There are 2 protein chains.
Amino acid sequence: MNSLEQQSWQSVHDEVLRRIHTRVWKPGDLIPKEVELAEQLGCARATVNRALRELASEGFLDRRRKAGTRVAAHPVRRAKLDIPVVRLEVEGRGQKYAYGLLFSERRTPPPEICANLSVTAESDMLHITSLHLADGKPFMFEDRWVSIAATPTIVEADLEKISANEWLVLHAPYTRGDIYFSAVNATETEAKVLRTDPGTSLFLMERTTWENQTGITSARLLFAPGYRKHSAI
Amino acid sequence: MNSLEQQSWQSVHDEVLRRIHTRVWKPGDLIPKEVELAEQLGCARATVNRALRELASEGFLDRRRKAGTRVAAHPVRRAKLDIPVVRLEVEGRGQKYAYGLLFSERRTPPPEICANLSVTAESDMLHITSLHLADGKPFMFEDRWVSIAATPTIVEADLEKISANEWLVLHAPYTRGDIYFSAVNATETEAKVLRTDPGTSLFLMERTTWENQTGITSARLLFAPGYRKHSAI
DNA sequence: AGAAATAATATGTACGTACATATTATCTTT
DNA sequence: AAAGATAATATGTACGTACATATTATTTCT
């Protein structure tokens, strides 16, 4: 891996990763500076920079100006988690997607939603519950609150036809959001909707999205038994 | 946001994102090519390239050579999920971490582990179960299989002192891994270990890691009731 | 000795140029 | 008209240079 042919940033990336894996450079170690590495590998500093930047964002390296670049002491690996629209997730499994609106109501939010989205108890909001199906079987139960102030046009959306989930993705892009994953025992009602037994362990995803400081929507997504969320690292 | 002062790739990033959010460019739209954008915003193509590359990796844009750059039609948002060592996760919550090895045995793997790691049924493996505690209370129950062929030195590790979780992070870096999140009802034994009741809904994380084509370890991480995994988007 | 000012240094990024590569569009040929 | 060869084009990336910025090391001043 010495000089000669031109190096790509990918090859530099791989070579550095190899040295970390083979423990040539151990956790905590200071690695050579960009200029030295560039010389060593026979490429420009920009190329090394790109490779090291990538490795840092993947969690393998810690970089600081003047202090240099070190192998991460406690590699906090950053897994990538794709959050697609429910319909695409179902279709991606090769199953037939269907959706049904359970109910939709315009009203003021309960305390926990106010806290989630930092809105007042008198806010004008839309409360929607719906069921997403895969091959005719319940797949996910959605319980969602949408701020009408933040997305006024949602009152005109035909939520019988398009799910709030999908409508929001298309019409209310957000700048940031939080997701919480947890496990809960199915309540009487939840079990009925998802056609399972009360007490069954269910995978819960709670999502809140914001446009800058404005809370847009807060959703409670409850998956049918057996659901597994995959992530690669 | 027109010409004049020098633009940073961040400012280009933000401006493009603004145009997507304000729907100047709608999902599916073709946006101007790099050279045009660079001219429009008063910066070099490399700067625009960096910004658009970033936006594409965040899932906002789809880019293809010759075809150009489009606003993602179905924004598959990529959430970032930090996977720290358990100890750091507990300490990060301001709680006191403790760890106890339950048992450790060298033996051949059961079928499901063979399938997970693609190893033979005669493989030399280490089976470890342990309990991680936060403020003295059960936090996570770990059931792990480690391939001794892949990481021979683990037999010398003192797994009473350091958890397999942490030892592996320090001594057996992996190139890729899979994570599955799900929810399960606690079995009799699991409930006893985590000091809860059988049937309680528990958050389960199943992790398998690889070094190239070699399976290293497969772990079943079962969290105490109430656990929530956070992710930002 | 301790504080403040100053220098040194590794990474961060912007620019212009050049060429590579994937993909689409166009032109030939049969 | 279908198939195959060829040109056109937008993104991808490598390079060298220049300067910005954060942080550490050193020196100066009190």
Side-chain angles (χ1 to χ4, degrees), chain A residues 1-17 19-20 25-73 75 78, chain B residues 1-17 19-20 25 27-73 75-76 78:
Chain A
M1 180 62 64
N2 265 356
S3 54
L4 287 173
E5 3 79 281
Q6 198 183 56
Q7 299 290 334
S8 67
W9 71 266
Q10 292 266 11
S11 72
V12 174
H13 174 281
D14 294 352
E15 170 60 15
V16 171
L17 197 51
R19 293 191 190 178
I20 295 175
W25 297 328
K26 292 182 266 303
D29 280 5
L30 195 66
I31 78 171
K33 49 189 164 194
E34 294 186 349
V35 192
E36 285 173 21
L37 262 177
E39 204 176 327
Q40 213 180 105
L41 301 172
C43 63
R45 179 167 86 91
T47 309
V48 172
N49 180 279
R50 169 90 189 258
L52 298 188
R53 188 152 39 79
E54 208 82 7
L55 284 161
S57 89
E58 292 169 79
F60 291 107
L61 296 175
D62 285 332
R63 320 191 71 203
R64 279 170 62 212
R65 286 182 181 171
K66 163 81 185 176
T69 302
R70 310 187 158 271
V71 178
R78 227 148 281 151
Chain B
M1 178 64 64
N2 264 357
S3 54
L4 287 172
E5 0 81 281
Q6 197 183 56
Q7 298 291 335
S8 68
W9 71 267
Q10 291 265 10
S11 72
V12 175
H13 175 280
D14 293 351
E15 169 61 13
V16 171
L17 198 51
R19 293 190 189 178
I20 295 174
W25 296 329
D29 280 4
L30 194 66
I31 78 171
K33 50 189 163 193
E34 293 186 349
V35 192
E36 286 172 22
L37 262 178
E39 204 175 326
Q40 213 180 105
L41 301 172
C43 62
R45 181 166 85 91
T47 310
V48 172
N49 181 278
R50 169 92 190 256
L52 297 188
R53 188 151 40 78
E54 207 82 8
L55 283 161
S57 89
E58 292 170 78
F60 290 106
L61 296 175
D62 285 334
R63 320 191 70 203
R64 278 169 63 211
R65 286 182 181 171
K66 164 79 186 178
T69 302
R70 312 187 157 269
V71 178
V76 173
R78 226 147 280 150

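Throughout, a chain's letter reflects where its sequence line sits, starting with A, and its residues are numbered from 1. The structure displayed is predicted, hence computed values, not measured ones.
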Here the distance between atom C1' of dA14(C) and atom CD of E34(B), to the nearest Å, is 15 Å
When R50(A), E58(A), E54(A) are each screened for side chain to side chain donor-acceptor pair (under 3.5 Å) with H13(A), the one that passes is E58(A)
In whole angstroms, the gap separating C1' of dG16(C) from CD of E39(B) amounts to 15 Å
For dA22(C) and K66(B) - does any side-chain N or O of the residue sit under 4.0 Å from the phosphate oxygens OP1/OP2? no
Minimal heavy-atom distance between G59(A) and A72(A), with the atoms involved, is O-CB, 3.4 Å
R70(B) CZ to dT23(C) C1', in whole Å, measures 13 Å
One should read off an interatomic distance between I31(A) CD1 and R70(A) CZ, to the nearest 0.5 angstrom, of 10.5 Å
Distance col, row L52(A):CG vs T47(A):OG1, nearest 0.5 angstrom, shows 10.5 Å
When rounded to whole Å, the NZ to P distance for the pair K33(A) and dG12(C) reads 15 Å
Taking atom types as they are modelled, is there a donor-acceptor pair under 3.5 Å from the base of dT17(D) to the side chain of R45(A)? no
Under 4.0 Å from OP1 or OP2 of dT11(C): is there any side-chain N or O of T69(A) that close? yes
Practice item. Would you mind checking if E34(A) and R63(A) are paired as a salt bridge, meaning a charged N to carboxylate O distance below 4.0 Å? Key: yes
Minimal heavy-atom distance between V71(A) and K26(A), with the atoms involved, is CB-O, 3.4 Å
Separation of dT21(D) atom C1' from Q10(B) atom CD, nearest Å, is 14 Å
Assert: residue with more 5' nearest nucleotide on DNA chain D, out of A67(A) and A44(A), is A44(A)
Residues in residues 46-65 of chain A with a heavy atom under 4.0 Å of DNA chain C, by number, are N49(A), R63(A), R64(A), R65(A)
